[in-house]
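The structure under discussion appears below in the form of structure tokens.
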Amino acid sequence: MKKFSTAALLLVLAGAASAQATSADATSNRCAFLPNAPDQHKVVRGDTLWDISGKFLQHAWCWPQVWGLNREEIRNPHLIYPGQIVYFDRAAGRLRLGTPTAGNGGAAQVVRLSPQVRTEGLGKDAVPSIPSNAIEPFLSQPLIVTEDELKTAPRIMATENNRVILGKNDKAFVRGDLQSGTSFQVFRPATPIRDPGGKDIIGHEAAYLGTIKLERAATSPDEAHVFRVVSVKQEMGIGDRLLPVPPTPILNYVPHAPEREVDARIASVYGGVSQAGQNQIVTINRGTADGVDLGTVLDLYRFGATVADPTEKTGFFSGKKMVKLPDSKYGSLFIFRAFAKISYGLVMQVTDSVQIGDIAKSPQ
């Protein structure tokens, strides 16, 4: 019995080692270098980590793996600046960061560095992961609001001097539980987002109207809070709702595959259209509850059609054999904002247009 247990343990350990090796091989194959990868690249202003890694790697999002960063490190942006040089260490199969310095009679030396993990804030001159100008307008708005949030959100119930439309510095009177908040975004429930799989409404993409700030809190349940309008993007008035202003967003992310398998669908294209292209914004029907977080990268696929096979002989009364063609991969999606059931993604490097209902899943 003791020998059996030892043998069983060895089999388990061998199986685990084999699985680990298989996983490592899969990651290695997935994050392979380009056969014509350069020996180095000097970082210049306007570069992104996605662009730089695309010069070396078959899949640009594999940047963290080839730096050898662990899971905790890739949760934070690493800072790389113009003027530094990215070197391809072919022997180690790694990218390294260096700064050329004059020394030894003017001969070039290289001081080896590692990506600097953010500790107190993002360096303003650091190279971003993706084009920040493409996502900045979407980092704090639009808003994804659930049915429960709609029911409980504070609301504007009156305006000073019965104004129909509120402008900057106007007063607004609000009812509802502020939960100790003082600064709020004003929104209007707008487009419902339906799950392409079940067609259920999984959230509302609310129109962002502006911001207001608390001047005086109500002193009794029957009294209204007094707010002052700070900024206006669209017309706001009675009936519009409030949500707390979110924390200042991080403008840099480290791309990574999700920790567990994600199989999502494109739920909507921002702007109310049915298709999206490069650097446009889409939503998927998966969020933090499904293992999607900031920096998650997913592959985009189009469903393969089901067609009749004209080459297969069938009975006289039976129709032609129907066969599903493989799903076709055509690009990548970079998640930059995640809610519980819905996430916003930036369309990256596509060879076809993104359509509602398309597949977005873990990189293979």
Side-chain angles (χ1 to χ4, degrees), residues 132-160 162-179 181-196 199-214 224-225 227-249 266-277 279-285 287-288 335-347 354 356:
S132 57
N133 61 337
I135 64 170
E136 280 174 3
F138 302 89
L139 292 175
S140 58
Q141 25 95 8
L143 309 167
I144 297 297
V145 188
T146 66
E147 291 286 349
D148 290 340
E149 287 174 319
L150 282 176
K151 293 176 183 177
T152 59
R155 64 200 180 279
I156 298 174
M157 50 79 58
T159 61
E160 189 175 40
N162 296 318
R163 294 180 184 274
V164 177
I165 298 173
L166 288 167
K168 186 175 181 179
N169 294 324
D170 285 346
K171 279 186 180 179
F173 303 99
V174 172
R175 293 288 307 281
D177 184 1
L178 304 181
Q179 298 185 5
T182 58
S183 295
F184 289 82
Q185 291 181 332
V186 183
F187 69 94
R188 183 174 301 135
T191 309
I193 297 179
R194 297 183 180 275
D195 189 330
K199 300 301 182 182
D200 293 332
I201 294 176
I202 53 178
H204 294 263
E205 188 174 70
Y208 169 77
L209 309 180
T211 56
I212 63 176
K213 190 172 182 64
L214 179 67
H225 309 287
F227 278 80
R228 183 78 65 178
V229 177
V230 176
S231 66
V232 177
K233 183 178 180 182
Q234 298 185 46
E235 293 181 355
M236 68 173 73
I238 294 174
D240 291 331
R241 312 296 179 87
L242 276 61
L243 279 180
V245 172
T248 301
I266 302 297
S268 69
V269 177
Y270 186 73
V273 295
S274 60
Q275 297 184 350
N279 285 345
Q280 287 187 275
I281 308 298
V282 300
T283 64
I284 61 171
N285 62 341
T288 54
I335 302 300
F336 65 88
R337 195 170 181 211
F339 299 84
K341 296 181 180 179
I342 299 174
S343 299
Y344 279 102
L346 180 68
V347 177
V354 183
I356 294 174

>> Taking the side chain as everything from C-beta on, heavy atoms only, tell me whether L166 gets closer than 4.5 Å to V232.
In response: no
> Do T152 and D177 have side chains that get closer than 4.5 Å, going by heavy atoms?
Replying inline: no
>> Would you compute the distance between atom CZ of R241 and atom CD of E149 and round it to the nearest 0.5 angstrom?
In response: 11.5 Å
> Looking at side-chain heavy atoms only, is the closest gap between H225 and R175 below 4.5 Å?
Replying inline: no
> Atom OG1 of T211 and atom CE of M236: how far apart are they, to the nearest 0.5 Å?
Replying inline: 7.0 Å
>> As an exercise, state the distance from CD of Q185 to CG of L243, rounded to the nearest 0.5 Å.
In response: 7.5 Å
> Looking at T159 and R163, what are the two nearest heavy atoms and their distance?
Replying inline: OG1-O, 2.6 Å
>> Quick check: closest heavy atoms across A224 and F173, and the distance to 0.1 Å?
In response: CB-CB, 4.0 Å
> Which pair of non-hydrogen atoms, one from A267 and one from P196, has the smallest distance, and what is that distance?
Replying inline: CA-CG, 3.8 Å
> Any side-chain heavy atom of Q280 within less than 4.5 Å of one from V354?
Replying inline: no
> Which atoms form the tightest heavy-atom contact between V174 and P154, and what is the distance?
Replying inline: CG1-CB, 3.8 Å
> Should we count CD of Q234 as having more than 12 external heavy atoms under 6.0 Å?
Replying inline: yes
>> Could you go through I212 and L242, starting from their C-alpha distance and side-chain angles, then the distance that decides it, and tell me whether this counts as side chain to side chain contact (heavy atoms under 4.5 Å, CB included)?
In response: CA-CA 9 Å; I212 63 176; L242 276 61; 3.5 Å; yes
>> If you compare all heavy atoms of D240 against all heavy atoms of E235, which two are closest, and at what distance to 0.1 Å?
In response: OD2-O, 4.2 Å
> Mind checking whether I144 and I193 have side chains closer than 4.5 Å, heavy atoms only?
Replying inline: yes
> Rounded to the nearest 0.5 Å, what separation is found between the OG1 atom of T283 and the CD1 atom of I335?
Replying inline: 9.5 Å
> Closest heavy-atom contact between F336 and G345?
Replying inline: CE2-C, 3.7 Å
> Which value, rounded to the nearest 0.5 Å, describes the distance between K213 atom NZ and F227 atom CZ?
Replying inline: 9.5 Å
> To the nearest 0.5 Å, how far apart are NZ in K341 and CG in D200?
Replying inline: 9.0 Å
> Can L150 and F187 be said to form a side chain to side chain contact (heavy atoms under 4.5 Å, CB included), step by step?
Replying inline: CA-CA 10 Å; L150 282 176; F187 69 94; 3.9 Å; yes
